[in-house]
Amino acid sequence: MSADAPRGFLGQPAGFSTLFFTELWERFSYYGMRAILLLFLVGEVTTGGMGLDDATATAIYGLYTAGVYIMSMPGGWVADRLLGAQGAVLWGGTLIATGHLILAAAGFMDHRALFLLGLGFIVLGTGLLKPNISALVGQLHVRSSGGARDAAFTWFYMAINIGAMAGPIITGWLQQHFGWHIGFLSAAIGMGAGLWWFLRTRALFGTVGLPPAREPAAVARDWRILWIVVAVLALVALLLFTGLLKIAATTLSAHAMKVMLAATGAYFAYLLLFAGLSAAERRRIVVLLVLVMASTLFWAGYEQAGSSLTLFAERNTNRMLGGYEFPAAWFQSVPAIWVLLCAPLLASLWLWLAQKGRDLSVILKFALGLAGMGLGFLVMVGAAKVVSHSLLGATGNAGPMWLVTTYLLHTLGELCLSPVGMSATTQLAPQRFAGQAMGLWFTSLAMGNLLASRLAGSLDGATADGLASYFMLMFQYGAGGAAVLLMLFPLLRRWANLNQAGKDSA
Ligand code: PHE
């Protein structure tokens, strides 16, 4: 389907509504389940939780949230070579829905190994679905102008955040009233709804996103590779399941961080030293490296929304609304609500600046992103101080506005950094590395998520004073990162030379 196709939902080509609602429901399930995940892991066994200590729970949480993004690399591979984007979304959605169903069953039967298996299904499924559904948005627009394509991605971002807003509210409420397994079940039903919608309306795509036409021999070889990988994964799962293989989550998370850092470092070394790039191209790779590090740092702060900040919401925040104590999970809808409110404002700000000929460079936007992340944690220092100083007082809890303000600053940071981040990554790398550059962007998200959980895990058993100094440290990371970017700005801007990028690599 192309730009000439009849205009439908939101003035977009046919097929867009399929992507819009499928992604909305997928994010509903992802963020809804995520909102209660850590609380379930640390929850008292008597209340049906797993009763893990904070360090182990955050390690599992980190491996899970990093896993969903790192899997987009193989997920892209499978779609490009075997399934096509449509097939990848279909199978991804099926795996995700199955995963959530397994969580619901495991929560019901109090079965730990089964629970981890469910998480594994969701990781694999999201790796298949998330990158490919975004690619489909682009593919519907191969022949459209930049404006129509940008509009498509803006609407798509709205769908993501409508799902991300509704998920925690509904799942959190269900969990509070009917227990963990019903919370997990609502995520399964959400993904099921998305899948049903996708199946019902996928004919609208026509030939977009069908499996690629390739040599049968090459296809057969790739299927073999895929089945071997699946068999190995199944074997590892079986060993873990039966308890023959025992790995502590904290150990695994420490190793995973090292592996991802080493792999990213090696990849950059290869690009700089052995990829046969020109001097100008190499300078842009250095800029790319700085942006990947900045992005990792940003998400390491931002993604504590589901870990340290949720624990703060659960343990240290006053959640009374009238006579009703609302679930801590609800706070995780707040960033999405801020995105929905602030995205149009920031978009018009960028437009206004552009009209005045004062475009902000990518590097400045990244610095703003890190500053927003840091300042958000500075607000949390205040919140933690309230808790530590009012120990003798009536509640000892901080008001809800602290977290709401933190999330506003974090969201403003996200809106500065995230939208330009992906496009800058693909522009800075030479054209022939564009696909891999996209992989790098997802890797920075994965590393950020894992780092976020490792930072949050270091808080195990912290007092309110400990929380205050921890949040202060996070502020320093954000502010320090922003300061470094500002200092490097003149140099990096010259090296990035984004306007020249197309010409050089052509
Ligand atoms: N909130 C975004 C989303 O859920 C976070 C994200 C950004 C994820 C970029 C992947 C890539 O889609």
Side-chain angles (χ1 to χ4, degrees), residues 19-35 37 64-73 75-76 89 92-93 96 122-123 125-138 152-168 187 190-191 194 291-292 294-307 309 332-343 346 365-366 369 372-373 407-408 410-426 437-450 452:
L19 303 175
F20 185 96
F21 289 106
T22 307
E23 178 64 349
L24 189 158
W25 282 112
E26 185 270 330
R27 290 285 101 180
F28 170 93
S29 76
Y30 178 74
Y31 284 109
M33 191 283 275
R34 207 185 86 154
L37 175 58
Y64 167 70
T65 51
V68 291
Y69 292 128
I70 206 73
M71 276 304 143
S72 40
M73 311 255 262
V89 170
I96 295 173
I122 303 171
V123 163
T126 313
L128 272 177
L129 185 144
K130 177 86 171 146
N132 295 311
I133 197 166
S134 328
L136 273 172
V137 177
F153 277 100
T154 309
W155 285 120
F156 194 65
Y157 212 65
M158 292 281 164
I160 288 175
N161 284 289
I162 295 170
M165 172 183 73
M191 188 66 250
L291 293 189
V292 164
S295 160
T296 302
L297 180 59
F298 174 81
W299 298 110
Y302 181 93
E303 291 291 358
Q304 288 182 42
S307 51
L309 295 179
Q332 290 191 61
S333 292
V334 175
I337 295 172
W338 280 132
V339 169
L340 293 171
L341 292 175
C342 297
L346 279 198
K365 285 188 180 164
F366 265 61
M373 184 275 268
Y407 284 139
L408 170 62
H410 280 186
T411 301
L412 289 174
E414 172 193 359
L415 290 171
C416 289
L417 179 140
S418 184
V420 290
M422 197 182 281
S423 69
T425 338
T426 45
M438 185 62 95
L440 262 183
W441 178 250
F442 273 95
T443 306
S444 77
L445 260 131
M447 290 195 294
N449 271 280
L450 196 59

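Each ligand, and each atom within it, is numbered from 1 in the order the structure gives. These numbers come from the heavy atoms of this one structure, side chains and all, not from hydrogens, waters or symmetry mates.
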Open item on the list: Quick check against the 3.5 Å criterion: does E303 have a side-chain atom that pairs as donor or acceptor with the backbone of A452?
Closed with: no
Open item on the list: Working note: L129 + M191, criterion side chain to side chain contact (heavy atoms under 4.5 Å, CB included); need CA distance, chi angles, decisive distance, verdict.
Closed with: CA-CA 11 Å; L129 185 144; M191 188 66 250; 4.2 Å; yes
- [ ] For residues P131 and T126, report the shortest heavy-atom separation together with the two atoms involved.
- [x] CD-O, 3.7 Å
Task: Pair W25, S29: side-chain N/O donor-acceptor within cut-off below 3.5 Å - done: no
TODO: With sequence neighbours excluded, tell me which residues meet ring pair (Phe, Tyr, Trp, His ring centres under 6.0 Å) with Y69.
DONE: none
List of N/O pairs, ligand 1 versus protein, all under 3.5 Å?
residue	atom	partner	partner atom	Å
ligand 1	1 (N)	Y31	OH	3.2
ligand 1	4 (O)	R27	NH1	2.8
ligand 1	4 (O)	Y31	OH	2.7
ligand 1	12 (O)	K130	NZ	2.5

- [ ] State which residue, out of I162, L415, L340, fulfils the side chain to side chain contact (heavy atoms under 4.5 Å, CB included) condition with Y157.
- [x] L415
